[in-house]
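Note sheet for the following structure.
Residue numbering restarts at 1 for every chain, and letters A, B, ... go by the order of the sequence lines.
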2 protein chains.
Amino acid sequence: MSFNEAFKAIADPTRRKILSLLRKGDLTAGEIASHFDMQKPSVSHHLKILKQADLVQDRRDGQHIYYSLNTTVFQDLLSWFYDFVEKEGKKQ
Amino acid sequence: MSFNEAFKAIADPTRRKILSLLRKGDLTAGEIASHFDMQKPSVSHHLKILKQADLVQDRRDGQHIYYSLNTTVFQDLLSWFYDFVEKEGKKQ
DNA sequence: TAGATATTTAGAAAATCATCTAAATACCAG
DNA sequence: CTGGTATTTAGATGATTTTCTAAATATCTA
């Protein structure tokens, strides 16, 4: 069900940058927001979309909310692309 | 430059279905349109977006215009996803 | 409990996108 | 050249998306 949601989530450059940031380690919402020229509520909105697409997970630690990558959906998306590249010419 | 364009192109389910259809072989614009509950100009619009993203190529053959996959951009997209799955835990 | 910090939710405005109909372009056959 | 088929372009409309500000919620510390 979240296959389409994931593709839509990844279509936005801000969200792709968030995912790239999280590749180096978990970050709080505030730390993520500090990388963008954008108000915090806007970044929060992007995080919500990534979460709904199951591309990230969040956990609260006191006042902070930490975000981390969830790579299981990436596996599915990777497979989708792999089929185009791999099965080239095989017509099946 | 067309990296972002490609992600946006792929975000739409109609366009992903077009790409899947083309995996089995080249098709004319009309053949592609026949798979959708949508007017031909709408499908033509989707084809234009896929073409601008370099995900498909077109060639005219008489009255028909044939569309075919261009897998080189898929390679780039595949790599992007691969980095998330592969380098998991390596933090670099 | 009161004040400070971190984050999200709500609601509005502007931009972008998907779709439609009507018209234009390109090519073929007679 | 004329009529027919294939496809795209133009322009409009409604839906979705991104961003903003203001307000709400959650947690910490004194």
Side-chain angles (χ1 to χ4, degrees), chain A residues 1-22 25-70 73 77, chain B residues 1-22 25-70 73 77:
Chain A
M1 218 294 283
S2 68
F3 202 68
N4 185 53
E5 256 172 319
F7 273 113
K8 288 215 278 183
I10 284 172
D12 182 87
T14 298
R15 292 193 288 265
R16 284 200 305 280
K17 185 172 169 187
I18 291 173
L19 293 172
S20 290
L21 289 170
L22 291 176
D26 300 354
L27 294 171
T28 67
E31 287 169 337
I32 293 168
S34 74
H35 286 85
F36 296 92
D37 252 359
M38 190 184 291
Q39 298 307 308
K40 282 178 186 173
S42 302
V43 175
S44 181
H45 168 73
H46 285 302
L47 289 169
K48 186 178 184 179
I49 287 169
L50 289 170
K51 203 168 79 175
Q52 281 170 344
D54 252 343
L55 291 164
V56 304
Q57 293 171 322
D58 65 346
R59 65 177 187 283
R60 181 175 278 275
D61 180 14
Q63 274 173 301
H64 298 96
I65 296 180
Y66 278 90
Y67 281 87
S68 57
L69 285 181
N70 175 14
V73 177
L77 297 172
Chain B
M1 215 295 283
S2 68
F3 203 67
N4 185 53
E5 257 172 317
F7 273 112
K8 287 214 279 184
I10 284 171
D12 183 86
T14 298
R15 293 193 288 263
R16 284 200 304 280
K17 186 172 169 186
I18 291 173
L19 293 172
S20 291
L21 289 169
L22 292 176
D26 300 354
L27 294 171
T28 68
E31 287 169 335
I32 292 168
S34 74
H35 286 84
F36 296 93
D37 252 358
M38 191 184 291
Q39 299 306 310
K40 281 177 186 175
S42 303
V43 175
S44 181
H45 168 73
H46 286 301
L47 289 170
K48 185 179 185 179
I49 287 169
L50 288 170
K51 204 168 79 176
Q52 281 169 346
D54 252 344
L55 291 163
V56 304
Q57 293 171 322
D58 64 346
R59 66 176 185 284
R60 182 175 277 276
D61 179 15
Q63 272 171 304
H64 300 276
I65 296 180
Y66 277 90
Y67 282 87
S68 57
L69 285 183
N70 175 13
V73 177
L77 297 171

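- When the side-chain nitrogen and oxygen atoms of B:Thr28 are compared with OP1 and OP2 of D:dA6, none of them lie within a distance under 4.0 Å.
- Summary of the strand contacts: A:Pro41 and A:Arg15 both lie near DNA chain D, and taking for each the nucleotide with the nearest heavy atom, the more 5' one is attributed to A:Arg15.
- Of all the heavy atoms in B:His35 and B:Lys17, the pair that sits closest is O-NZ, 3.3 Å.
- Counting to the nearest Å, the P atom of D:dT17 and the CG atom of B:Asp12 are 11 Å from each other.
- Distances from the side chain of A:His46 to the nucleotides D:dT18, D:dT7, D:dT16 place D:dT18 closest.
- Residues A:Ile32 and A:Tyr66 form no side-chain contact, since every pair of their non-hydrogen atoms from C-beta on lies 4.5 Å or further apart.
- Rounded to the nearest 0.5 angstrom, A:Leu27 CG and A:Leu21 CG are separated by 6.5 Å.
- Considering every non-hydrogen atom in both A:Ser68 and A:Asp26, the closest pair reads CB-OD1, 3.1 Å.
- Closest non-hydrogen pair, B:Leu55 versus B:Ala6, comes out as CD1-O, 4.1 Å.
- The stretch residues 50-67 of chain B touches DNA chain C through B:Arg60, B:Gly62, B:Gln63, each having a heavy atom within less than 4.0 Å of the strand.
- A straight line from NZ of B:Lys8 to P of D:dT16 spans 18 Å, rounded to a whole angstrom.
- The two residues A:Ala11 and B:Lys8 make their nearest non-hydrogen contact at O-CG, 3.6 Å.
- Between B:Gln57 and B:Leu69 the shortest heavy-atom distance is OE1-O, 4.3 Å.
- In this structure, A:Phe36 atom CZ and D:dT18 atom P are separated by 13 Å, rounded to whole Å.
- Think of the region where chain B sits on DNA chain C: with heavy atoms and a 4.0 Å cut, that region ends 5' and 3' at C:dC17 to C:dC28.
- Taking the screw axis at each terminus of the helix from C:dT1-D:dA30 to C:dG30-D:dC1 from five consecutive base pairs, the angle between the two is 20° to within rounding of 10 degrees.
- Proximity of A:Val56 to A:Tyr67: side-chain heavy atoms (C-beta onward) are separated by under 4.5 Å at one or more points.
- Between B:Ile10 and B:Arg16, the closest side-chain pair of non-hydrogen atoms falls below 4.5 Å.
- For the pair A:Ala53 and A:Ser2, the tightest heavy-atom approach, listed with the atom from each and the gap, is O-OG, 4.1 Å.
- Residue A:Ser42 places none of its side-chain N or O atoms closer than 4.0 Å to OP1 or OP2 of D:dT18.
- At a threshold of 4.5 Å between non-hydrogen side-chain atoms, the residues A:Ile65 and A:Arg59 do not count as touching.
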